[in-house]
Amino acid sequence: MNIFVGKLNYATSEDDLRQAFEAYGAVSSCKIIMDRFTGRSKGFAFVEMDDNAEATAAIDALNNTLMDGRTIVVNKARPREDRF
DNA sequence: CATGAGCGT
């Protein structure tokens, strides 16, 4: 399941996010969107989890929680492909 | 190359 994570601290790294999600389930992969020019975090990331139950639990558990001093929002991510 | 809602090289 693709998970969207927003309102992230610019200092937050993929490893931090991964560990946070791994605390509630197995994380398949994590990706923080970085800017092409500055190379800094755009403030949101995507976490992919194979287990649907664990993903939902992680979303419900990490949604609106404090991470690195910032309140993050966790929701189900939209499909990057298939716009229609 | 910057800063604070939103959905990815």
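To find a chain, count down the sequence lines: A is the first, B the second, and so on, and within it residues start at 1.
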d([atom1], [X]; [atom2], [N]) in whole Å:
| X | N | atom1 | atom2 | value |
| --- | --- | --- | --- | --- |
| A:Ile72 | B:dA5 | CD1 | C1' | 15 Å |
| A:Phe4 | B:dA5 | CZ | P | 12 Å |
| A:Asp35 | B:dA5 | CG | P | 17 Å |
| A:Lys42 | B:dG8 | NZ | C1' | 8 Å |
| A:Ile3 | B:dG8 | CD1 | P | 17 Å |
| A:Arg36 | B:dA2 | CZ | C1' | 15 Å |
| A:Lys7 | B:dG6 | NZ | P | 9 Å |
| A:Phe44 | B:dT3 | CZ | C1' | 13 Å |

Which part of the nucleic acid, if any, lies within contact of A:Ile32, taking any heavy atom under 4.0 Å across all strands shown: a base, the sugar-phosphate backbone alone, or nothing?
nothing

Phosphate contact ([N] OP1 or OP2) by [X] side-chain N/O below 4.0 Å:
| X | N | result |
| --- | --- | --- |
| A:Lys76 | B:dC7 | no |
| A:Arg80 | B:dG8 | no |
| A:Arg40 | B:dA2 | yes |

Are the charged groups of A:Arg18 and A:Glu14 less than 4.0 angstrom apart, N to O?
no

Whether A:Asp68 side chain and A:Asn9 backbone form a donor-acceptor pair below 3.5 Å
no

Taking all heavy atoms of [X] and all of [Y], pick out the closest pair and write down the distance.
| X | Y | answer |
| --- | --- | --- |
| A:Val74 | A:Leu62 | CG2-O, 3.4 Å |
| A:Ile3 | A:Ile59 | CG2-CG1, 3.7 Å |
| A:Met49 | A:Val27 | CG-CA, 4.2 Å |

First encountered from the 5' end of DNA chain B, between A:Gly6 and A:Tyr10
A:Tyr10

Note: for A:Ala77 and A:Gly43 on DNA chain B, the residue whose nearest nucleotide lies more 5' is A:Gly43

Looking at B:dG8 and A:Phe46: do their rings stack (centroid distance under 5.5 Å, interplanar angle under 30°)?
yes

